[in-house]
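A short worksheet on the structure shown next.
All of these numbers come straight from a predicted model, not from anything done at the bench. What you see below is based on every heavy atom in this structure, not just the backbone, and it leaves out hydrogens, waters and symmetry mates. First listed ligand is number 1; within each ligand, the first listed atom is number 1.
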Amino acid sequence: MPLIFLSRSPLSPTRLPAKDGRSDLRRAASQVFYPVLALPLLLFLGGCADAVTAPETNESAGLREVAPFPVGGAANVRFLNRDSTLTAFHGQHFSSITATNDMKMYAISPEPDTFVWEHADAMLAYADANDQRLFGHALIWHSGTPPWVSELAADPVALDSFMQHYITTYVGRYRGQVDGWDVVNEAMETVGGAYRETMWYNALGKDYLAKAFTYAHAADPDAVLFYNDFNIERDTAKLHGVLRMIEDLQAQGVPISGLGFQMHLRMDIPDETIAYCLKRGAETGLQIHLSEVDIIFNKHDDTQGGGVQLYDEVTEEMLAEQGEKYYRLAKMYREIVPPAQQYGITFWGFSDRYSWINGFFKLKDWPTILDRDLQPKPAYYGFRRALTE
Ligand code: 9MR
């Protein structure tokens, strides 16, 4: 399916329609505290896993039509232009899109005093043409920082001034059109609750987070502004570190409005731990985004090439279990996160053929909702069942 590009300039002042009419609700709810009891929920989920469910009456409808919250798929422009089967799937099933890499700092500002808008504009045009919400990933991230910006760290004043200029220009350009941003990504150490000593942290101290959110809010006061991290659904020390940081930001009046759980899950991460972490996250009152969902069978040590191949082949039974894991994840999100805080669930790649997992960790795995032939897996049906029950 060819991409259709609209003629509307990305500078148009019209905010993309609140596609489900919920944007205002989402923001209004961001300060509300919702206590949730995890135990009854887990008992309930345990019961549901075996429950006989009524057949769905609307099987041809896309996930986006049956979901009570936005459902997204991460993709790059090049990818969307290349694979028409996946483009068609993306348009049919997703109401939200995140650029996997095209909106990172290394893509937007690869050289000094340069902004390259071509791919971000194309993402916006694609989102517009498909009536999807565009989510911005990610403004400040140590791994997304191009070398020339890292060199600025020798002069903290210059680095701060660049950060302000970058965020103001970028968020300002897409004001009203990018619905929300990962303002800061992965500011905590891989394991445990300490700040990651990135060049941003080393030059500016932990205040770089407050500054980034403040600059982003000034550039688009209506955008939903997220802190996003990985393993915070399993490493409770890391989650608690993130919660302390959020409390600190909120106490200072910093305009943070969302918390992203990346949710790069593994089959053996206990549901009880995920439920606890979601509950604690929701208690912040922030919007909660499951921002990069996939579920692997094998293991890795969180480093590039660090895969541990436990399973060389996947069986029907394993795929069925993965379907139940997807089911329980979506169900937990629906039951634990109050509806007004459900910013949505986004898949980080949605086919086993193209998933980042295999190349990055040097693993053979089956993490997504479509198989290598781009056919829906039990994971797809499990996820869908949790939306429609
Ligand atoms: O999937 C992304 C991969 O293609 C890129 O090479 C990499 C570096 O930019 O980033 C990957 O996406 C990461 C995301 O931006 C942040 N959370 C972890 C994701 C997987 O590494």
Side-chain angles (χ1 to χ4, degrees), residues 72-83 86 90 96-110 116 119-120 123 134-150 170 178 180-191 196 198-200 209 212 226-235 238-239 242 258-266 269 288-296 298-308 343-363 365-370:
N76 286 319
V77 174
R78 191 166 53 91
F79 161 83
L80 286 170
N81 280 308
R82 188 179 61 192
D83 198 314
L86 282 181
H90 197 286
S96 180
I97 184 167
T98 301
T100 318
N101 297 318
D102 285 334
M103 293 175 71
K104 290 172 178 171
M105 191 184 279
Y106 60 63
I108 297 292
S109 189
V116 180
H119 284 178
M123 293 298 300
L134 178 58
F135 184 72
H137 173 81
L139 293 173
I140 302 296
W141 180 35
H142 61 283
S143 285
T145 309
W148 79 269
V149 174
S150 299
Y170 188 10
V178 169
W181 292 91
D182 283 330
V183 176
V184 180
N185 195 37
E186 301 175 8
M188 298 313 232
E189 285 295 355
T190 297
V191 176
R196 188 186 288 275
T198 66
M199 69 88 176
W200 295 98
L209 286 115
F226 283 81
Y227 174 75
N228 190 52
D229 215 329
F230 63 93
N231 290 4
I232 54 174
E233 77 293 338
R234 71 183 75 164
D235 178 344
K238 182 164 181 173
L239 173 78
V242 167
L259 172 59
F261 287 80
Q262 293 184 7
M263 286 285 176
H264 293 294
L265 277 182
R266 232 174 38 213
I269 306 298
I288 303 294
H289 188 194
L290 307 193
S291 54
E292 305 183 13
V293 171
D294 43 31
I295 307 181
I296 65 170
N298 293 291
K299 295 193 179 188
H300 57 74
D301 64 4
D302 289 302
T303 66
Q304 193 152 5
V308 180
Y343 192 74
I345 298 184
T346 297
F347 298 107
W348 203 248
F350 45 94
S351 78
D352 290 351
R353 183 187 292 181
Y354 296 115
S355 168
W356 69 286
I357 294 278
N358 302 302
F360 189 87
F361 293 117
K362 301 219 180 325
L363 270 180
D365 211 292
W366 308 268
T368 76
I369 57 173
L370 299 182

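Checked against the 6.0 Å centroid threshold, Trp181 and Tyr170 count as a close aromatic pair.
Looking at Thr100 next to ligand 1, no N or O pair under 3.5 Å apart turns up. Between His264 and ligand 1, a contact under 3.5 Å exists for no N or O pair. Between Trp356 and ligand 1, no N or O atom pair is found at a separation short of 3.5 Å. Considering backbone and side-chain atoms alike, Ser143 places every N or O at 3.5 Å or more from each N or O of ligand 1.
Against a heavy-atom cut-off of under 4.0 Å, Glu292 is close to the following atoms of ligand 1: 14 (C), 16 (C), 17 (N), 18 (C), 19 (C). Atoms of ligand 1 found under 4.0 Å from any heavy atom of Asn185 (numbered from 1 in listed order, with element): 16 (C). Below 4.0 Å from some heavy atom of Tyr106 lie the following atoms of ligand 1, by number and element: 8 (C), 9 (O). Every atom of ligand 1 is numbered from 1 in the order shown, and the set under 4.0 Å from a heavy atom of Glu186 is 16 (C), 17 (N), 18 (C).
When all heavy atoms of Ile357 and Pro367 are compared, the pair lying nearest together is CG1-CG, 3.8 Å. Across every non-hydrogen atom of Trp141 and Thr145, the tightest pair is O-OG1, 2.8 Å. Between Leu209 and Ala187, the shortest heavy-atom distance links the atoms CD2-CB, 4.0 Å.
Cation-pi geometry between Lys238 and Phe230 is met: under 6.0 angstrom from the ring centre, within 45 degrees of the axis.
Summary of contacts: the protein heavy atom closest to atom 4 (O) of ligand 1 is Asn101 ND2, 3.0 Å. The shortest contact between atom 14 (C) of ligand 1 and any protein heavy atom is with His137 NE2, 3.4 Å. For atom 11 (C) of ligand 1, the nearest non-hydrogen atom of the protein is Lys104 NZ, 3.6 Å.
Ser291 and Asn228 are linked by a side-chain donor-acceptor pair at a separation below 3.5 angstrom, with hydrogens and angles left out of the test. No hydrogens or angles considered: nothing links the side chains of Arg353 and Thr368 as a donor-acceptor pair under 3.5 Å.
The residue from Trp348, Phe361, Phe360, Trp141 that puts a heavy atom closest to atom 1 (O) of ligand 1 is Trp348.
Of the heavy atoms in Phe230, none comes closer than 4.0 Å to ligand 1.
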* Asked: Please walk me through it: do Phe360 and His300 pass ring pair (Phe, Tyr, Trp, His ring centres under 6.0 Å)?
  -> CA-CA 10 Å; Phe360 189 87; His300 57 74; 8.2 Å; no

* CA sep, side-chain torsions, deciding dist, call: Phe79, Thr100, side chain to side chain contact (heavy atoms under 4.5 Å, CB included) -> CA-CA 10 Å; Phe79 161 83; Thr100 318; over 6 Å; no

